[in-house]
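The next block holds one structure in the form of structure tokens; read it before the comments.
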Amino acid sequence: MIFQMIHPFLLAQRHTTVLKGFVKKELYGRYAGSYAGVFWIVLEPLANIAVFHFIFSDVFRVRFDAAVSGTESFTLYFLCGYFPWLIFSDAVVRSASSVVGNAGLVTKVIFPVELLPLSSVLTPFLTHGAGFFLYLLYLVAKGSAGPSWLYLPLIVATHFVLCCGMAFLLSALVVFVRDILQSLGILMMVWFYASPVLYPLSFVPEPIRSWLWANPMTYALTCFRDVLLNGSFHWTIFALFAMKATVLYALGSWFFTRSKRAFADVL
């Protein structure tokens, strides 16, 4: 089981050139034909930050209790959860079709198929990660950086493991059940509102709040906000987040490894 879990990363290390090729294909494919090209990686999040700041700070003037949310600014609170959610959502949606979308490659060329969902996860970490980095720079400019930020790489790495788990699981399932692709938009919409991206957990009634803790993204967003906005790090919440991410990754990598032999026959 442990070997199955680390096997995709060993393959990625062994076939770095191929993995880079898939990532470049996704990046340039996204911005092909545009004048700004890959500069949209920076321009898009800058536009998002400016628009959200204008709407929530200048128009609606939404304010939070800093003792509850870590900041009075709804924009800062929202963006702290929005960028990690964007990474997760984009990774899930892109990876779901990563195998079926490359059916010709999978059936005709011998290569590590695990690289397809991995590249679909790495791409959002690069694109939306640029926006998240700009958000961090804004926090630094406001003087919000602190010692708790040292835990940020640990949280990002766990978030990556969670995304990989979903990517392996969905990319393999879609090969056999194509209806998943059609229902994925609805699933991600429900998942978005079931995650505390727009609201603090304290706003949710207690009976419903216990259900939200079953969502691994609740732990992810709580960890990000604790470290970046509250200046704290709760090992218990992080440990539960890491456990859920590891279990999901173990399930996803196991199912992908067991089912990949049948991909060529089904595709």
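Each residue takes its place number in the sequence, starting with 1. Because only heavy atoms are used, hydrogens play no part in the values below, and waters and symmetry mates are left out as well, while side chains stay in.
Within the structure, every pair that satisfies the side chain to side chain donor-acceptor pair (under 3.5 Å) test and touches residues 128-157, not counting sequence neighbours, is listed here: D90-H128. The salt bridge (Lys or Arg N to Asp or Glu O under 4.0 Å) contacts involving residues 113-131 comprise E114-K260, where partners must be two or more places apart or lie in separate chains.
Under the side chain to side chain contact (heavy atoms under 4.5 Å, CB included) criterion, F133 pairs with L137, not counting sequence neighbours. Residues forming a salt bridge (charged side-chain N to carboxylate O under 4.0 Å, His left out) with R209 (at least two apart in sequence, or on another chain): E206. Scanning for side chain to side chain contact (heavy atoms under 4.5 Å, CB included) contacts around P45 gives F83, L134, with sequence neighbours left out. Evaluation of the side chain to side chain contact (heavy atoms under 4.5 Å, CB included) rule for A12 yields L19, L115, L118 as partners, not counting sequence neighbours. Every residue two or more places apart in sequence or in another chain was checked for a side chain to side chain contact (heavy atoms under 4.5 Å, CB included) with L150, and none qualifies. With sequence neighbours excluded, no residue forms a salt bridge (charged side-chain N to carboxylate O under 4.0 Å, His left out) with K244. Under the ring-ring contact (aromatic ring centres under 6.0 Å, His included) criterion, F192 pairs with W85, not counting sequence neighbours.
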For residues 97-113, please give each side-chain donor-acceptor pair under 3.5 Å, one per line with the distance, not counting sequence neighbours.
| from | atom 1 | to | atom 2 | distance (Å) |
| --- | --- | --- | --- | --- |
| S98 | OG | S95 | O | 2.7 |
| N102 | OD1 | K25 | NZ | 3.4 |
| N102 | ND2 | S98 | O | 2.7 |
| T107 | OG1 | A103 | O | 2.8 |
| T107 | OG1 | G104 | O | 3.3 |

Throw together a table of side-chain donor-acceptor distances under 3.5 angstrom for residues 159-175, partners on residues two or more places apart or in other chains.
| from | atom 1 | to | atom 2 | distance (Å) |
| --- | --- | --- | --- | --- |
| H159 | NE2 | P84 | O | 3.1 |
| S171 | OG | A167 | O | 2.7 |
| S171 | OG | F168 | O | 3.2 |

Got a list of side-chain donor-acceptor pairs under 3.5 Å for residues 180-191, not counting sequence neighbours?
| from | atom 1 | to | atom 2 | distance (Å) |
| --- | --- | --- | --- | --- |
| S183 | OG | D179 | O | 3.3 |
| S183 | OG | I180 | O | 3.2 |
| W191 | NE1 | N215 | OD1 | 2.8 |

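The aromatic rings of F74 and F78 sit parallel to each other, their planes meeting at less than 30°, with 60° as the upper class boundary.
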